[in-house]
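Here's the structure we're looking at; comments come further down.
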Amino acid sequence: MIALDLSRLLSRAGSATPSGIDRVELAYARHLPAGRDPYCFAALNALGRVAALPHAEAEQFVEALAGIWRDGATPQDHRRVTMLARKLRWSALFGERALHDAMRRGDGRPVYLLVSHHHLDRRTAIARLKRETGARFACFIHDLIPLDFPHYTRSSQTRRHRRRIATTAALADAVIVNSAMTSLALQPHLAGAGPIVVAAAPLGVDLTDVAAAAPADPPYFICVGTVETRKNQALLLDVWRRLAAELGGPAPRLLLIGQRGWGGDAIADGLAAFPGVISEHRNVSDAEVMRMLRGARALLLPSLAEGFGLPVIEALALGVPVICSNLPALRETGGGVPDYLDPHDAAAWHAAILDYRIDSPRRQAQLARLAGWRPPRWHDHFAIVDRVIRGLT
């Protein structure tokens, strides 16, 4: 029996667009019904206990939320999903015994699976579930950025992430990570812990079908990700100031797609200097993001720290060139295809963007490299995860 925790998705029911971690939990929720192992859905309730969710209602919620994030939604759709989430949270108040009973049934040891960081800092709740059901605990660590780069996030987030990693070291029987770099960053925090299986399973890509976009005039670039200090969109603003000053004709457009995060308001304030040139898009469906990506000259990702880099594989899978930071995690994700630049070298980014706004030899060279690239798929990710879970049961 696998009990997948949906607490993150329940907390995000009112969001018009998903984060990267949301996408992972959603992919797991949709994968389990296609597998061969018995499963149920769970959540941390308001009493601080991990409890079962009504099965049919949980599956209905998952599919409704997937549809909203993929295609967009009307206000009525959002109200429906929010109401489903509210009903599930209410049911969870009375679901602890049902979860324990379900996990005690069947052959082998049950596995409690938490694939977001949601309540990973709540060690008491997880320890109680393990103690009372004999369950093994598997969790997903997406990155160590709040610990390794605390200056890119709030101090409260750093403290909370430290508690999450401490819970992992104390209670986890297996840890899934998205890259070898995340595994390396995690290892020092597991020193002295009991035997814990750590499995690197790169994330997959599941793209919405979109028609090929006609060439745009003027051409545009796209940056996908939370607008925040760590994502370093400030560097792009500096580059566009220089472009605006030196180009005789119109500057290429820049589309910033993502919600605002820590430090994002200060970055967004700078957009006033670029009316009609740089635009911010905060609530965009996956289908619309894919359409916008497909028409771009390149994806720009000047991040200062990353654990994986999902936009890189999404862009490459659509045949769109990528210019991104020279970070180990992004090199692991993109392989030999993207142009990798120092995220502090504005001159290098300026030169690359000038090259990529036309069909230059540099852009054509990346397209040639891209022709032999194959995107990672979710079924490859889950093949690794399924082996880990079978080992625990």
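Heavy atoms only: backbone and side chains are in, while hydrogens, waters and symmetry mates are out.
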Between His55 and Tyr39, is the gap from one ring center to the other below 6.0 Å? yes
Side-chain donor or acceptor of Glu96 paired with backbone N/O of Val50 under 3.5 Å: no
Measure the acute angle between the ring planes of Phe140 and His142, then classify it against the limits of 30° and 60° as parallel, tilted or perpendicular. parallel
With salt bridge (Lys or Arg N to Asp or Glu O under 4.0 Å) as the test, pick out the partner of Arg30 among Glu63, Glu25, Glu59. Glu63
Pair Arg97, His100: side-chain N/O donor-acceptor within cut-off below 3.5 Å: no
Contacts of Asp77 meeting side-chain hydrogen bond (donor to acceptor under 3.5 Å, both in side chains) (sequence neighbours excluded), chain-then-number -> Thr74
Can you hop from Leu186 to Leu327 via hydrophobic side chains spaced under 4.5 Å? no
Joint hydrophobic cluster, Val224 plus Val284, side-chain heavy atoms closer than 4.5 Å: yes
May I ask you to check whether Ser7 and Arg12 show a side-chain donor-acceptor distance below 3.5 Å? no
Verify same cluster id: Leu6, Trp69 (apolar side-chain graph, 4.5 Å): yes
Residues His344 and Asn232: side-chain donor-acceptor under 3.5 angstrom: no
Can you confirm whether the side chains of Glu57 and Ser91 place a donor and an acceptor under 3.5 Å from each other? no
Phe382 ring center within less than 6.0 Å of Tyr28 ring center: yes
Row check, Tyr112 ring normal vs Arg136 NZ/CZ: under 6.0 Å, within 45°: no
Output, in order, the C-alpha distance, side-chain angles, deciding distance and verdict of salt bridge (charged side-chain N to carboxylate O under 4.0 Å, His left out) for Asp339 and Arg363. CA-CA 9 Å; Asp339 263 356; Arg363 188 174 189 272; over 6 Å; no
